[in-house]
Structures are given as structure tokens and as C-alpha cells.
Amino acid sequence: MGDKNHLLYVVTIHAIFALLHFIVSDAVETLARAVGRQERWQLLRNNTGVVAMHMALTHENTVIIFDQTEAGPSQYRLHERYNGRRCSTRSRADLKDGACYAHSVEYYIHGNNLRPLRFVSDPWCSSGSFLSNGTLLQVGGHGRGSQRIRYFRPCRDHLCNWQQSKRSLSDNRWYASNLLLPQHDRVIVVGGRNAYSYEFIPKLHTKDRSFNLPFLHDTHDEDGGGNNLYPFLHLSSDGNLFIFANRDSILFNYQRNRVVKTFPRIPGGGSRSYPSSGSSVILPLDHQDRFQKVEVMVCGGAASGAYEAAARGRFLPALSSCGRMVITGNNHIWKMENMPGPRTMHDMLILPTGHILIINGARRGCAGWQNAATPSLRPYLYNPKKSRGQRFTVLKATRIARMYHSSALLLPDGRVLVAGGNPYNTYTFSNVAYPTELRLQAFVPDYMDRQFNDLRPGNVTIEYEGHSSGVAYGTAFTIHFWLGRRPSKDVEYSVYAPPFTTHSISMNQRLLKLRCRHRTRDGGGSMSAVLEAPPSPNVAPPGYYLLTVVNNGIPSLSQWIRFIPA
């Protein structure tokens with residue numbers, strides 16, 4: 001009897017402390033909330049048909065959305081299978097056949113409509129990068145899909161679809177990350193479950209293989225479900241690769257298979273990588289230092305033991321801490337600060353203003369099937385330039401939980417597309433705490449409010465001289481825009497590489513603030529500015545970017561620009 005009373009006492013004390021933790025966290029969020037902000041939420045569609053486990057914005061202003069073929073019937077039924085055989089609504093077998101359902105769709109931003117796409121192999125928990133011509137290279141997955149290489153080349157005639165390469169990866173890549181490299185339109189693929197290696201795509205020779213990466217062995221946490229899957233990858237301006245897994249990070253020369261630097265461990269307990277699932281960004285790169293200062297930021301994650309506790313039905317508070325570290329130069333120190341509340345499974349997106357939006361996720365637990373509770377309904381906005389303690393603002397809450405397998409990405413008009421959520425291995429809509437979520441939302445930042453229209457640059461156009469297909473590195477190019485009132489002294493010109501987003505990772509995301517050589521007022525509200533393209537592919541790998549004019553913190557609608565070798 002004494003043992004039972006003691007156990008009840010311990011459980012009660014734990015429950016009280018957990019309750020107090022979230023009461024205090026809610027109080028902090030309330031105090032941090034800005035007064036009078038005009039951000040808002042829009043419901044775009046009630047049903048995307050498939051879960052937005054993965055999302056990517058194309059230069060044709062569409063969004064590719066897909067989940068896993070092994071999830072069974074989706075909510076987007078097809079008229080015929082991939083092999084052309086019809087799917088009958090009268091056949092019970094066809095109603096249960098996963099081949100009669102789409103698991104990928106293309107979303108048209110301007111029309112707010114969808115069309116189904118087809119997969120041959122399962123892309124569950126895979127990775128992707130855009131090549132320099134705008135083609136989405138997508139690799140890995142589960143089962144027969146774990147070594148597959150797929151391509152999607154955006155088109156305007158609505159006829160393009162997924163194509164699967166006849167070539168394969170060297171290793172299984174489930175929960176791997178990838179990144180576009182500066183040279184030769186190649187992508188590096190790093191890690192994955194039971195894959196302590198990296199490899200390159202496309203392979204230049206039939207004998208090309210994967211390369212062992214001891215860092216992935218060293219950061220593997222067997223009891224925590226890995227805690228080094230989906231490693232954070234960032235390209236430094238010196239051409240080396242920053243790799244962060246679990247709590248550790250290195251600067252890696254992938255051309256020589258050599259670790260250049262081993263950085264200090266990020267302070268505090270817990271882990272940041274999947275399934276602990278924090279998130280990471282490179283803070284905006286700036287022409288004022290010739291893009292040489294590269295600073296990474298890592299936020300959130302799960303507490304030590306969260307994965308094992310979740311398996312027993314206990315959901316530990318997530319991590320509240322963020323760390324910033326400059327990875328260039330010789331002084332590498334993590335500078336820590338706290339978010340307004342704990343967070344895991346969230347997305348971190350760079351807005352055109354250079355601020356960081358932290359959105360989606362949960363306050364307790366970690367990633368995985370039914371491994372989390374207490375959704376994070378309020379986004380956080382982070383201003384890197386403010387003083388520590390004043391950088392975070394808590395924004396308006398959504399009413400839709402975005403838990404495991406949700407995603408978010410920035411749209412050309414400045415909104416943030418938010419979708420997905422499914423902590424189950426099939427589509428599950430009833431008798432569960434967090435049902436499969438197919439509603440599609442847009443988060444509309446306050447900079448889009450009509451009260452700022454007189455400050456907003458409009459009609460942005462780009463002149464291409466010499467190269468009709470793009471702008472060469474280091475060259476000058478001219479843009480035109482309209483501004484109804486005299487521009488402020490604080491006019492910036494940014495370019496943004498749209499990411500492939502999944503599992504709290506925004507692969508290849510980066511924002512650069514470009515140099516303006518001179519600006520003229522052409523008459524009325526018409527303006528011209530001569531800008532300077534990034535100096536090299538190390539700073540901005542070749543491909544499509546969103547160019548935005550930002551006047552006193554208010555961005556224009558973005559226009560696509562392509563950077564190409566001279």
C-alpha cells in the first residue's frame with residue numbers, strides 16, 4: 001500500500017509541475033503578444049486530397065504536395081490507375097486499391113485549384129532540391145522507393161507529371177536531407193535511417209558510390225529513434241557544407257571528403273534532429289559584408305527521453321531554446337535565447353523582410369506516430385536585428401492543429417501556405433485527438449494589410465540584358481517598380497531561394513540582400529534600380545529565386561529571377 005501511495009504522490013507532483021509549466025508558458029506568450037497587429041488566417045480549401053507531408057513551390061507559381069503511397073486510399077480518387085486500367089466506383093476491390101488514389105497533387109496558387117499527379121514508388125519521408133532549370137529533383141523514401149530518383153519539371157500546359165529515373169541511389173535514403181551544390185547542377189544527399197553516408201546526384205560514372213560519414217555514426221542515438229535523421233544542411237559562402245545532427249555540427253569539405261571544422265555542441269539538453277525535430281535556417285546574407293558572414297539559427301526540439309516517453313504515452317515538454325552561431329571566421333560560439341514557448345515539429349521560414357517565421361508543431365513530445373500532444377497554434381515572429389529579449393513576437397493563433405507531417409512555405413505574394421498533419425500511418429478522421437488534416441490555409445503576415453499599400457512597391461519587372469534566360473553572377477541588372485510616394489531611406493532588394501519543405505526542414509532555403517548600385521525616379525511613381533547579382537554560386541547556387549523590393553519593411557509582390565553562370 002505504501003508503494004502505491006508513493007507512486008500516486010510522484011505522479012501527482014509530475015502532473016502539477018507540467019500544468020504549472022504550461023500556465024507559465026501561456027502567460028509568457030500573452031505578455032509577448034503584440035497589440036493591434038493585423039496578421040490573419042485564410043482558409044483556402046477544405047480538402048487538398050492528400051496530406052502535405054512534403055511541399056515545394058515551383059517557378060510556375062504552383063505548389064507540389066505529396067505524402068506516402070503506403071497510406072492507403074487518400075481523399076483524391078483517380079479515374080484510372082497508372083497503367084491505364086480504370087478505377088470503378090462499383091468495385092469494392094477498386095475502392096480499397098491504393099493505385100486508384102492520388103498521393104501527390106499540384107496546387108495552382110492563382111486559381112486555388114488542384115490536379116492529381118502520379119507516383120510509381122513510395123516517397124514517404126524523402127527529400128528534394130530544385131535544379132538550376134527549375135526541375136524538382138526528389139529522392140528516397142520507403143520500401144521500393146528508398147533508392148529511387150524522381151523528377152518533376154514544371155509546365156504550363158498541365159501535362160507534366162512525375163518521372164522516375166532508371167538509375168538508383170547507392171544507399172537507402174529514408175529520412176535523408178539533400179542540398180543543391182554550386183557546381184555542375186549536382187545535389188548531395190546526406191544520411192537517412194541506417195545510412196551513415198552521403199552521395200551525389202546525378203552520378204557522373206556508373207561506378208560512383210556513397211561515402212562513409214563518421215559524423216553520422218557519432219551523432220546517432222539508438223534509444224532516441226536516431227535523433228540525427230533529416231540533418232540540417234546549409235551551404236556556407238566559402239563553398240563548404242554545414243551539417244548539424246542531434247546536438248553537434250561540422251563544416252565539411254564534400255569535394256575532399258574532409259571535416260574542416262568541428263563546432264561547439266549547442267548548449268542545453270535534448271536533441272534538435274528528427275525525431276526530436278527542431279528546425280534551422282541561415283539568417284539573411286548581406287551584400288554589405290560581401291555575403292561573407294554566415295550565421296545559422298537552430299530552434300526547438302525535444303527533451304532527452306522524449307521518444308521513449310512518448311511510446312509510453314507521456315509527452316515531455318519540448319525545448320524552448322534557440323541558438324545562433326556564425327560559422328564563418330574563427331570565433332564560433334552559440335548565442336542562446338528562448339522562444340516564448342516550447343516547440344517541436346515546427347517550420348522556420350525566412351520572410352521577405354528578413355524576419356523568421358516559426359509556425360506549426362507541438363509543445364510536447366516529438367515526431368512520429370502519435371508521439372506528440374498540445375499543438376502550437378500561435379506562430380512566432382523573430383527579428384534577428386533587435387536586441388536579445390526583444391526579438392520574438394507572438395502572432396495570431398490558428399484553430400487548426402498542425403502536428404506531425406505538416407508543412408509550410410512562402411508564396412510569391414508574401415503569404416505563407418500552411419497544410420498537412422497526420423500522426424497516423426493511414427488517413428484517420430474520427431475517434432482520435434488529432435485527425436488527418438487536409439484543410440489548406442494561408443497565414444497572411446501584417447505587412448500585407450491594406451493600411452501599408454501606400455508604402456508597398458508595385459509592378460516589379462526585371463530587365464534581362466545579354467542573357468534572356470537569366471542574370472549572370474556578379475553582373476548588374478535593372479529592375480523597375482512603382483511607388484506612389486517618395487521611397488524611404490530603408491529600401492532593400494532581396495532574393496529568396498524557395499525550399500523543399502518536410503519534417504521541419506526547409507532544404508536549400510536562403511535569402512540574400514542585394515547591393516543597389518543606384519536608383520532613379522523616372523517620373524510619377526515609376527522607379528528604376530540597378531542591382532548587382534550575387535558574386536558566385538557559393539553564395540547563391542544557380543537557379544530560380546524570388547526577387548522582392550522592400551520599402552520600410554513593406555514588401556512588394558515577388559517576381560521570379562534566375563541566376564546563371566556567365
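Every heavy atom of this structure was used, including side-chain atoms; hydrogens, water molecules and symmetry mates were not. Because the structure is predicted, anything quoted here is derived from the model rather than measured.
Rounding to the nearest 0.5 Å places OG1 of Thr502 at 9.0 Å from CD of Gln138. Here CG of Leu351 is found 4.5 Å from OH of Tyr447. Values are rounded to the nearest 0.5 Å. Taken to the nearest 0.5 Å, the NE2 atom of His220 stands 7.0 Å off from the CG atom of Asn194. With rounding to the nearest 0.5 angstrom, the CD atom of Gln75 is 8.5 Å from the OG1 atom of Thr436. Between the OH atom of Tyr230 and the CZ atom of Arg193 there is a distance of 10.5 Å, given to the nearest 0.5 Å. Atoms OG1 and CZ, from Thr393 and Arg378 in turn, are 12.5 Å apart once rounded to the nearest 0.5 Å.
There is a side-chain donor-acceptor pair under 3.5 Å between Arg115 and Tyr108. The closest side-chain donor-acceptor pair between Tyr107 and Asn113, if any, does not fall under 3.5 angstrom. For the residue pair Ser197/Arg173, the side-chain donor-acceptor check at 3.5 Å is satisfied. Between Asn227 and Ser276, the side chains place a donor N or O and an acceptor N or O closer than 3.5 Å (distance only, hydrogens not considered). A side-chain donor-acceptor contact under 3.5 Å links Arg150 and Ser121. Remark: the His346 side chain and the Ser376 side chain contain no N/O donor-acceptor pair separated by less than 3.5 Å. A donor and an acceptor atom, one from each side chain of Ser146 and Asn172, are located under 3.5 Å apart. Asn508 and Ser129 share a donor-acceptor pair across their side chains, judged by distance under 3.5 Å alone.
Note on ring orientation: taking the six-membered ring where Trp is involved, the planes of Phe232 and Phe244 are parallel (angle under 30°, cut-offs 30° and 60°).
Using modelled atom types, one side-chain atom of Thr501 and one backbone atom of Met55 make a donor-acceptor pair closer than 3.5 Å. Arg343 places a side-chain N or O within donor-acceptor distance of the main-chain N or O of Asn360, the cut-off being under 3.5 Å. Under a 3.5 Å cut-off, the side chain of Arg148 and the backbone N or O of Ser165 do form a donor-acceptor pair. Without hydrogens or angle criteria, Tyr175 side chain to His503 main chain gives no donor-acceptor distance under 3.5 Å. Side chain of Ser279 to main chain of Ser504: a donor-acceptor pair is present (N/O by atom type, distance under 3.5 Å, no hydrogens or angles). Using a distance-only test at 3.5 Å, with no hydrogens or angles considered, no donor-acceptor pair links the side chain of Glu60 to the main chain of Gly134. The main-chain N or O of Asp171 is found under 3.5 Å from a side-chain atom of Glu199 such that the two form a donor-acceptor pair. Side chain of Arg456 to main chain of Pro555: a donor-acceptor pair is present (N/O by atom type, distance under 3.5 Å, no hydrogens or angles). With Thr135 contributing its side chain and Arg153 its backbone, the two residues share no donor-acceptor pair below 3.5 Å. Between the side chain of His142 and the main chain of Gln68, no donor-acceptor pair closer than 3.5 Å is present.
Side-chain contact between Cys322 and Tyr382: absent, with no pair of heavy atoms (C-beta onward) separated by less than 4.5 Å. Side-chain atoms of Ile282 and Phe242, non-hydrogen and from C-beta on, never get closer than 4.5 Å to each other. Contact check for Phe392 versus Leu381: no side-chain heavy atoms found under the 4.5 Å cut-off. A 4.5 Å side-chain heavy-atom check between Val51 and Leu438 finds at least one atom pair inside the cut-off. Residues Pro379 and Trp41 have side chains in contact (heavy-atom distance under 4.5 Å, counting atoms from C-beta outward). Using a 4.5 Å cut-off on side-chain heavy atoms (C-beta onward), Leu546 and Leu57 make contact. Counting heavy atoms from C-beta outward, Leu136 and Phe500 have side chains that approach closer than 4.5 Å. In this structure, Leu216 and Asn228 have side chains that are in contact, with non-hydrogen atoms separated by less than 4.5 Å.
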For this session: Show your reasoning for whether side-chain contact (heavy atoms from CB on, under 4.5 Å) applies to Asp67 and Asn422.
Result: CA-CA 10 Å; Asp67 58 6; Asn422 188 19; over 6 Å; no
Exercise. Step by step, would you call Ser506 with Leu349 a side-chain contact (heavy atoms from CB on, under 4.5 Å)?
Worked result: CA-CA 8 Å; Ser506 292; Leu349 298 175; 3.7 Å; yes
For this session: Starting from the C-alpha separation in whole Å, work towards a yes-or-no answer on side-chain contact (heavy atoms from CB on, under 4.5 Å) for Ile350 and Ile356.
Result: CA-CA 5 Å; Ile350 311 172; Ile356 311 301; 3.9 Å; yes
Problem set entry | Check against side-chain hydrogen bond (donor to acceptor under 3.5 Å, both in side chains), Ser558 and Thr548 | CA-CA 5 Å; Ser558 301; Thr548 312; 2.6 Å; yes
For this session: Check the pair Gln441 / Thr398 against side-chain hydrogen bond (donor to acceptor under 3.5 Å, both in side chains), numbers first and verdict last.
Result: CA-CA 9 Å; Gln441 291 176 287; Thr398 178; 3.0 Å; yes
Problem set entry | side-chain contact (heavy atoms from CB on, under 4.5 Å) assessment of Leu395 paired with Asp446 | CA-CA 10 Å; Leu395 305 180; Asp446 69 331; over 6 Å; no
For this session: Would you sort out whether His405 and His54 count as a side-chain hydrogen bond (donor to acceptor under 3.5 Å, both in side chains), showing the intermediate values?
Result: CA-CA 8 Å; His405 287 157; His54 316 78; over 6 Å; no
Problem set entry | Derivation of the side-chain hydrogen bond (donor to acceptor under 3.5 Å, both in side chains) call for Thr62 and Arg156 | CA-CA 10 Å; Thr62 66; Arg156 297 180 181 178; over 6 Å; no
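Checked against Cys299 for a side chain to side chain contact (heavy atoms under 4.5 Å, CB included), the options Glu337, Arg324, Met339, Arg272 give a single hit: Met339.
Of all heavy-atom pairs between Ala52 and Ser407, the closest is O-OG, 3.1 Å. Of all heavy-atom pairs between Cys155 and Asp157, the closest is SG-OD1, 3.2 Å. Pairing each heavy atom of Ala303 with each of Pro317, the nearest pair is CB-O, 3.6 Å.
At a threshold of 4.0 Å, the pair Asp347-Arg402 does not count as salt-bridged, since none of the basic side-chain nitrogens sits closer than that to a carboxylate oxygen. Ion pairing between Arg81 and Asp94 holds under the 4.0 Å rule for side-chain N and carboxylate O.
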I'd like a table of donor-acceptor pairs (distance under 3.5 Å, sequence neighbours excluded) in which one partner is a side-chain atom from residues 409-418, with atom names and distances.
from   : atom 1 : to     : atom 2 : distance (Å)
Asp413 : OD1    : Arg415 : N      : 3.0
Asp413 : OD1    : Arg415 : NE     : 3.3
Asp413 : OD2    : Arg415 : NE     : 2.8
Asp413 : OD2    : Arg415 : NH2    : 3.0
Arg415 : NH1    : Gln42  : OE1    : 3.0

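Taking the ring centroids of Phe66 and Phe119, they lie under the 6.0 Å cut-off. Aromatic ring centres of Tyr545 and Tyr496: separated by at least 6.0 Å.
Annotation: salt bridge (Lys or Arg N to Asp or Glu O under 4.0 Å) contacts of Glu70 (sequence neighbours excluded): none.
Counting heavy atoms of neighbouring residues, nucleotides and ligands inside a 6.0 Å radius, atom CG of Asn431 does not exceed 12 of them.
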